Amino acid sequence: MKFETKIGMSKPEAIYVHGYNLTEDLIGKITLADMALLGALHRRPTDEESKMLNACMVAICEHGFTPSSVAARLTYLGAPEAVQAAVAAGLLGAGSVYLGAMENTAQMLQEGWEAYGHNHDVAFVAASILEERKAKKLQVIGFGHPIHKPVDPRTPKLFALAEELGFSGKHTTLMKEIHRQMNEQKGRQITLNAAGAIGAILSDMNLHFSIVRAFAVAARAVGLIGHIAEEMEAGRKDSMGQKLFDHIEENTVYTNDCLVK
């Protein structure tokens, strides 16, 4: 039985990753985000790709107390000997509401162009996507935010950088047109969130939607380091995880009618 991989191999004198000599070509010469793109594309990113992807990953790396950071802190409370478990717990909830929306946005845009873009302009494609999702009672992905209203401050920054670096293509244009039409239909400005912006930009970087969520997960893994470190610094008794656990214990009402009085 034989196994094949193009990713990595080791010899006594050298380590090779995607065909590059790790110590000579990569260490000290590319960033961690570049390594992620190297894994996805099997080549070193250009300077423009590097700057854009690093910006996208920094934008979603940290956002304070979120379900993922709370999960990481609570898991660390229960298993302080396993930091990796806390990081993993914080990543398990990457789905359609948090983090995973980047993938869903990219899929909506990529499949939208494929289905409706032949010989049609962006306004038609955007309208068709909105009509289809309304008919199927599907959410229009990439919009809304519980805090950032009406503008997610990350979105214009990322779009401006994409324009500067040459990654403001047909998917970004489509996302902006969907936003324009939604605002017109609703009669008010809807938040185009960072996940929506990044889903469009990574699509214009020629990344298939199925790999997009991986970059969100990798970015959030880095951000969770800070939350775990803060739990360590606070100590178990004063940690956020312990305080949250105590608060739930003290404020939970048992409602089973069979409770013996």
Side-chain angles (χ1 to χ4, degrees), residues 4-10 14-63 94 99-114 117 122 125 141-142 152-179 192-223 225:
E4 295 183 2
T5 180
K6 298 178 180 179
I7 296 176
M9 67 165 293
S10 297
I15 301 168
Y16 295 94
V17 178
H18 294 284
Y20 296 96
N21 185 302
L22 178 66
T23 57
E24 300 302 316
D25 302 327
L26 303 178
I27 294 177
K29 296 182 179 179
I30 70 172
T31 69
L32 187 60
D34 293 346
M35 281 293 290
L37 200 60
L38 172 59
L41 300 179
H42 311 300
R43 63 169 175 79
R44 286 182 60 170
T46 65
D47 289 343
E48 292 77 15
E49 287 173 330
S50 173
K51 189 172 183 179
M52 191 73 253
L53 183 62
N54 272 277
C56 288
M57 293 181 74
V58 167
I60 57 172
C61 177
E62 179 51 58
H63 210 290
L99 290 178
M102 284 169 45
E103 174 188 336
N104 301 123
T105 299
Q107 182 176 8
M108 178 182 73
L109 297 173
Q110 291 176 26
E111 291 183 346
W113 269 116
E114 182 63 28
V122 67
V125 178
I141 309 297
D152 184 330
R154 298 167 295 181
T155 297
K157 179 68 175 182
L158 290 168
F159 278 156
L161 191 59
E163 182 73 34
E164 175 189 330
L165 296 174
F167 297 114
S168 185
K170 66 179 186 180
H171 297 98
T172 300
T173 301
L174 176 57
M175 194 63 179
K176 291 179 178 179
E177 177 61 19
I178 292 172
H179 188 210
L192 200 174
N193 59 45
I198 293 172
I201 293 167
L202 294 190
S203 295
D204 283 332
M205 293 177 69
N206 295 318
L207 290 166
H208 191 266
F209 67 80
S210 60
I211 196 67
V212 165
R213 188 181 305 190
F215 295 102
V217 171
R220 185 53 56 89
V222 173
I225 294 172

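These values consider heavy atoms only, across backbone and side chains, with no hydrogens, waters or symmetry-generated copies. Values in this document were obtained by computation on a predicted structure and should not be read as measured data.
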query = Would the number of heavy atoms belonging to other residues, nucleotides or ligands and lying under 6.0 Å from CG of Leu22 be above 12?
reply = yes
request  = Check Leu53 against Ala33 and note the closest heavy-atom contact, atom names and distance.
outcome  = CD2-O, 3.4 Å
ask   = Asn206: what forms a side-chain contact (heavy atoms from CB on, under 4.5 Å) with it, not counting sequence neighbours?
value = none
note = Closest non-hydrogen contact found for Pro45 with Leu37 is CB-CD2, 3.4 Å
message = Run Leu192 and Asp152 through side-chain contact (heavy atoms from CB on, under 4.5 Å) and show every step you take.
response = CA-CA 7 Å; Leu192 200 174; Asp152 184 330; over 6 Å; no
query = Considering only heavy atoms from C-beta outward, does the side chain of Met108 approach that of Ile178 to under 4.5 Å?
reply = yes
message = Set out, in order, the CA-CA distance, both residues' side-chain angles and the distance that settles side-chain contact (heavy atoms from CB on, under 4.5 Å) for Val212 and Thr105, then state yes or no.
response = CA-CA 10 Å; Val212 165; Thr105 299; over 6 Å; no
task = Indicate whether any N or O donor in one side chain lies under 3.5 Å from an N or O acceptor in the other, for Ser50 and Asp47.
result = no
Between CG on residue Leu32 and CE on residue Met35, distance to nearest 0.5 Å = 8.0 Å
message = Show the nearest heavy-atom pair for residues Thr23 and Asn21, with the distance to one decimal.
response = OG1-OD1, 2.9 Å
ask   = What do the steps show when you test Leu26 against Tyr16 for side-chain contact (heavy atoms from CB on, under 4.5 Å), and what is the final call?
value = CA-CA 10 Å; Leu26 303 178; Tyr16 295 94; over 6 Å; no
ask   = Do any N or O atoms from the side chain of Arg44 and from the backbone of Ile30 form a donor-acceptor pair under 3.5 angstrom?
value = no
task = Of all the heavy-atom pairs spanning Ala106 and Gly199, show the shortest one and how long it is.
result = CB-O, 3.6 Å
task = Verify, without hydrogens or angle tests, whether Asp34 (side chain) and Thr31 (backbone) share a donor-acceptor contact under 3.5 angstrom.
result = yes
key: Point-to-point distance, once rounded to the nearest 0.5 Å, from CZ of Phe209 to CG of Leu109   = 11.5 Å
key: Verdict with reasoning, Met57 to Ile198, per side-chain contact (heavy atoms from CB on, under 4.5 Å)   = CA-CA 9 Å; Met57 293 181 74; Ile198 293 172; over 6 Å; no
key: Euclidean distance, Leu202 CG relative to Glu103 CD, rounded to 0.5 Å   = 11.5 Å
query = For Val125 and Gly117, which heavy atoms make the closest approach, and how far apart are they?
reply = CG2-CA, 3.7 Å
note = Heavy atoms of Met175 and Gly142 approach each other most closely as CE-CA, 3.9 Å
ask   = With a 4.5 Å limit on heavy-atom distance, are the side chains of Thr173 and Asp204 in contact?
value = no
remark   = Between the CG atom in Leu38 and the CZ atom in Arg43, the distance rounded to the nearest 0.5 Å is 9.5 Å
task = Would you give the length of the straight line joining atom CE of Met205 to atom CG of Leu41, rounded to the nearest 0.5 angstrom?
result = 7.5 Å
key: Expected output: side-chain Asn104 to main-chain Ile141 donor-acceptor under 3.5 Å   = no
inquiry  = Quick check on side-chain hydrogen bond (donor to acceptor under 3.5 Å, both in side chains): which of Gln110, His171, Gln107, His208 does Ser203 satisfy it with?
reply    = Gln110
Nearest-0.5 Å distance, CD1 of residue Ile225 to CD of residue Glu62 = 11.0 Å
Distance-only check: which donor-acceptor pairs under 3.5 Å involve side-chain atoms of residues 161-170, not counting sequence neighbours?
from	atom 1	to	atom 2	distance (Å)
Glu163	OE1	Ser168	OG	3.3

task = Taking Lys29 for its side chain and Glu24 for its backbone only, find out whether a donor-acceptor pair lies under 3.5 Å.
result = yes
